[in-house]
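Take a look at the structure below.
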Amino acid sequence: SQQGEEDPQALSIQEGENATMNCSYKTSINNLQWYRQNSGRGLVHLILIRSNEREKHSGRLRVTLDTSKKSSSLLITASRAADTASYFCATDAGSGGSNYKLTFGKGTLLTVNP
Amino acid sequence: SAVISQKPSRDICQRGTSLTIQCQVDSQVTMMFWYRQQPGQSLTLIATANQGSEATYESGFVIDKFPISRPNLTFSTLTVSNMSPEDSSIYLCSGLYNDGYTFGSGTRLTVV
């Protein structure tokens, strides 16, 4: 079954605004990652946050992780039209073997209007 | 980071035929995976490709439909067999290496 659930499913904002996407998961994790996908192409890794971390920044991206609520958020600040894409969270349980496989959320389609 | 070359990037196939998708990694990865992404949906893991042995399939996916090979640490193939329109999806391979995961650019398959 799908591990992560993103909301909103679709988000439309104006250029310059901030975009916040949320992800929830069901079981214990080792890492949570966010990926971006443009028009059904390959996935681009954005950021990884480990289970013992609460917040991480990378450029205009800010990720938070709340393991007690089994949820994460991705904030994109000062959005640009080029940020238009689908965003997915993915989790892995780590610690060897099949735990390394990623389980993806349903994704959020972000549209940034110029 | 490791880079995966995946081909073909897209194909249109007749129902009842088979298509083999290839992924070549430019460096060794410890694990390789195959995912399916149906239209408008998220990624679903098909199987873990094991070097020199049978792949480990997820629930709902079987070897007869999706045979997978991984003859060495840098190469894997996925075959979509006896295709039907329901197999129209994007198929992606992924590799796990020391610093994380990398993905191929995907194969967009349309079955007519």
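A note on names: the letters A, B, ... follow the listed sequences, proteins ahead of strands, and every chain is numbered from 1. Just so we're clear, the structure is a prediction, and the values are computed from it rather than from any experiment.
- Under the 4.5 Å side-chain heavy-atom criterion for Ile, Leu, Val, Met, Phe, Trp and Tyr, B/Leu73 and B/Val29 are members of distinct hydrophobic clusters.
- Proximity to chain A at a heavy-atom threshold of 4.5 Å picks out B/Phe103, B/Gly104, B/Ser105, B/Arg108 from residues 102-112 of chain B, in numerical order.
- More than 12 heavy atoms of other residues, nucleotides or ligands lie within 6.0 Å of CD1 in B/Ile63, so this atom counts as buried by the packing criterion.
- The neighbour count for A/Arg60 CZ, taken as heavy atoms of other residues, nucleotides or ligands under 6.0 Å away, is above 12.
- Taking 4.5 Å as the heavy-atom cut-off, the residues of residues 88-96 of chain B that approach chain A are B/Ile90, B/Leu92, B/Leu96, ordered by number.
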- Output, in order, the C-alpha distance, side-chain angles, deciding distance and verdict of side chain to side chain contact (heavy atoms under 4.5 Å, CB included) for A/Phe88 and B/Gln37. CA-CA 12 Å; A/Phe88 296 92; B/Gln37 186 178 25; 3.6 Å; yes
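- Between B/Leu43 and A/Leu43 there is a side-chain heavy-atom pair separated by less than 4.5 Å.
- Between B/Tyr101 and A/Tyr100, the distance from one ring center to the other does not fall under 6.0 angstrom.
- If you chain together hydrophobic residues whose side chains sit under 4.5 Å apart, A/Met21 and A/Tyr25 fall into the same group.
- Between A/Lys101 and B/Met31 there is no side-chain heavy-atom pair separated by less than 4.5 Å.
- For the atom pair A/Thr103 OG1 and B/Leu45 CG, the distance stands at 7.5 Å (nearest 0.5 Å).
- When the side chains of ILVMFWY residues are joined at heavy-atom separations under 4.5 Å, either directly or via intervening members, A/Trp34 and A/Leu109 end up in two distinct hydrophobic clusters.
- Environment of CD in A/Glu53: crowded, with over 12 heavy atoms of neighbouring residues, nucleotides or ligands closer than 6.0 Å.
- There is no path of hydrophobic side-chain contacts, each under 4.5 Å, that joins B/Phe75 to B/Leu78.
- Within 6.0 Å of atom CD in A/Glu17, more than 12 heavy atoms from other residues, nucleotides or ligands are found, so the atom counts as buried in its surroundings.
- Residues A/Ile13 and A/Leu61 are members of one and the same hydrophobic cluster, defined by side-chain heavy-atom contacts under 4.5 angstrom among Ile, Leu, Val, Met, Phe, Trp and Tyr.
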